[in-house]
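Only one structure is covered here, and it is reproduced in the block below.
All values below come from the heavy atoms of this structure, side chains included, with hydrogens, waters and symmetry mates left out.
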Amino acid sequence: MESLGVLLLHPVNAYLEQELDRRCRLYRFWESPREEFLRAHAGAVRAVVGNANYGADAALIDALPALEIVASFSVGIDRVDLAKCRERGIRVTNTPDVLTDDVADLAVGLAIAVLRRIPQADRYVRAGLWKSRGDYTLTTRFSGKRVAILGLGRIGLAIAKRAESFGCSISYNSRSEKPFPNYKFYANVVDLAANCDVLIVACSLNAETHHIVNREVIDALGPEGVLVNVGRGAHVDEPELVSALVEKRLGGAGLDVYEHEPVVPERLFGLDNVVVVPHVGSDTEETCRAMADLVLGNLEAHASNEPLLTPVI
């Protein structure tokens with residue numbers, strides 16, 4: 001696919017960038033001002049590669065007359081204007097399945113980290129407080145908790161399987177009830193939150209799920225409840241979440257994603273009931289390599305006029 005002009009929107013993965021540079025005519029969007037780049041190269045771009053935070057919006061799609069495919073280095077494609085792509089006949093791919101285990105691992109890890117206060121205990125030891133003040137405060141177990149999952153897709157189901165191994169009961173909300181009789185289905189998210197100890201957000205982001213975790217849901221979860229978000233930041237009404245944590249109306253939170261990444265509300269930094277990580281759900285060597293290979297495989301298939309490996313449209 002040497003003749004395929006590929007626009008990489010943002011640095012995402014060194015291996016992927018090297019392979020795109022080797023196999024295609026690669027354009028790096030960040031190397032020159034947007035308008036200057038478009039004037040010089042818009043007609044040569046046949047493919048766009050982005051990720052969860054950098055996608056192809058309507059304005060970019062309109063500015064690329066030769067665009068044929070958008071290949072996202074992510075599962076989430078909420079940054080891609082799918083309606084515009086359908087209108088133009090532009091194909092869209094993502095990278096499902098290969099990151100399921102890593103995101104599910106992190107979701108359970110965040111829940112345990114919040115309940116057992118692992119980062120806080122680590123800081124306690126490093127600060128010499130174990131020696132000067134004695135044993136660390138008692139924490140709360142994850143085993144046996146009532147775990148609720150918002151979105152029982154690939155990742156949600158993988159989280160459920162992991163939580164089951166800790167003796168947790170599982171409930172969930174999804175677009176429809178799933179064939180898992182051991183998991184309790186709630187059609188209403190407030191009811192789901194009111195009947196769990198840990199609420200884990202793992203659904204896709206769309207108009208219906210934007211701010212699906214609002215004040216009512218947070219208050220239903222309550223002062224003993226824990227929210228874990230490994231979905232998208234905009235699933236949660238972030239100001240309401242921050243206020244609830246500060247006011248102790250919510251017991252704790254483990255957050256991998258934020259509404260305005262990479263900006264994280266600074267009020268969270270001083271709270272001992274919060275664990276924050278920088279959107280690393282799929283960031284392992286193994287998964288990033290597999291995701292990159294899927295992007296490359298989809299571009300190769302498109303250039304060869306073969307079926308796409310993971311088509312969205």
Side-chain angles (χ1 to χ4, degrees), residues 1-13 15-99 153-155 175 203-210 231-232 234 261 282 288 290-313:
M1 54 181 182
E2 293 84 1
S3 63
L4 188 68
V6 177
L7 176 60
L8 184 60
L9 297 179
H10 189 76
V12 289
N13 176 267
Y15 165 72
L16 176 59
E17 187 172 340
Q18 289 166 6
E19 288 299 303
L20 288 172
D21 206 10
R22 185 176 68 83
R23 303 185 194 190
C24 314
R25 286 191 291 125
L26 180 62
Y27 302 97
R28 297 170 174 86
F29 206 27
W30 62 92
E31 289 188 341
S32 59
R34 176 188 175 103
E35 294 307 319
E36 179 182 315
F37 171 85
L38 292 173
R39 281 195 301 270
H41 303 294
V45 173
R46 295 170 53 202
V48 164
V49 174
N51 63 6
N53 292 319
Y54 295 86
D57 58 18
L60 180 61
I61 293 168
D62 283 339
L64 299 173
L67 184 61
E68 301 166 4
I69 183 170
V70 176
S72 186
F73 182 75
S74 66
V75 170
I77 50 170
D78 47 280
R79 301 281 184 172
V80 179
D81 192 319
L82 296 180
K84 176 65 71 171
C85 288
R86 288 190 182 96
E87 178 187 315
R88 285 268 306 271
I90 295 165
R91 305 302 304 275
V92 177
T93 66
N94 64 346
T95 58
D97 297 324
V98 294
L99 51 67
R154 296 181 185 92
I155 293 172
R175 284 177 292 185
C203 54
S204 59
L205 180 63
N206 52 47
E208 293 179 355
T209 61
H210 182 270
R232 290 288 181 269
E261 295 179 6
S282 61
C288 284
M291 289 169 64
D293 285 337
L294 261 183
V295 171
L296 294 165
N298 277 308
L299 293 175
E300 291 274 11
H302 176 74
S304 303
N305 199 29
E306 296 175 357
L308 299 177
L309 303 181
T310 53
V312 176
I313 57 174

Heavy-atom pair of closest approach, residues [X] and [Y]:
| X | Y | result |
| --- | --- | --- |
| Y27 | G5 | CE1-CA, 4.1 Å |
| A58 | K84 | CB-CE, 4.0 Å |
| S72 | V295 | O-CG2, 3.9 Å |
| P96 | N94 | CD-OD1, 3.2 Å |
| C288 | S282 | SG-O, 3.7 Å |
| G55 | L60 | O-CD2, 4.2 Å |

What orientation do Y54 and H10 show, parallel under 30°, tilted 30 to 60°, or perpendicular over 60°? parallel
Tell me, yes or no, whether the heavy-atom count around [X] atom [atom1], taken from other residues, nucleotides or ligands under 6.0 Å, exceeds 12.
| X | atom1 | answer |
| --- | --- | --- |
| R34 | CZ | yes |
| E306 | CD | yes |
| E2 | CD | no |

Run V49 and L299 through side-chain contact (heavy atoms from CB on, under 4.5 Å) and show every step you take. CA-CA 9 Å; V49 174; L299 293 175; 4.0 Å; yes
Can you check whether [Y]'s main-chain N or O pairs, donor with acceptor, with [X]'s side chain at less than 3.5 Å?
| X | Y | answer |
| --- | --- | --- |
| R91 | H302 | no |
| T93 | T310 | no |
| T95 | F73 | no |
| N298 | L294 | yes |
| R25 | S3 | yes |

Can you tell me how far the [atom1] atom of [X] sits from the [atom2] atom of [Y], to the nearest 0.5 Å?
| X | Y | atom1 | atom2 | result |
| --- | --- | --- | --- | --- |
| L7 | C24 | CG | SG | 12.0 Å |
| R79 | S74 | CZ | OG | 10.5 Å |
| E300 | M1 | CD | CE | 4.0 Å |
| L9 | D57 | CG | CG | 9.0 Å |
| L308 | I313 | CG | CD1 | 10.5 Å |
| D81 | R88 | CG | CZ | 11.0 Å |

Tell me, do [X] and [Y] make a side-chain contact under 4.5 Å, heavy atoms counted?
| X | Y | value |
| --- | --- | --- |
| F29 | V45 | no |
| R23 | V6 | no |
| T209 | R232 | no |

Flag the pair R39 and E36 as a salt bridge only when some basic side-chain nitrogen lies within less than 4.0 angstrom of an acidic carboxylate oxygen. no
Report the C-alpha separation of V75 and D97 in whole Å, then their side-chain angles, then the decisive distance to 0.1 Å, and conclude whether the side-chain contact (heavy atoms from CB on, under 4.5 Å) test is met. CA-CA 8 Å; V75 170; D97 297 324; over 6 Å; no
Test side-chain contact (heavy atoms from CB on, under 4.5 Å) on I155 and L99; report intermediate values, then the result. CA-CA 8 Å; I155 293 172; L99 51 67; 3.9 Å; yes
Please walk me through it: do D78 and N206 pass side-chain contact (heavy atoms from CB on, under 4.5 Å)? CA-CA 7 Å; D78 47 280; N206 52 47; over 6 Å; no
For D293, enumerate each residue passing the side-chain hydrogen bond (donor to acceptor under 3.5 Å, both in side chains) test, keeping only those at least two apart in sequence or located in another chain.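 Counting only residues at least two positions away or on another chain, D293 forms a side-chain hydrogen bond (donor to acceptor under 3.5 Å, both in side chains) with Y15.
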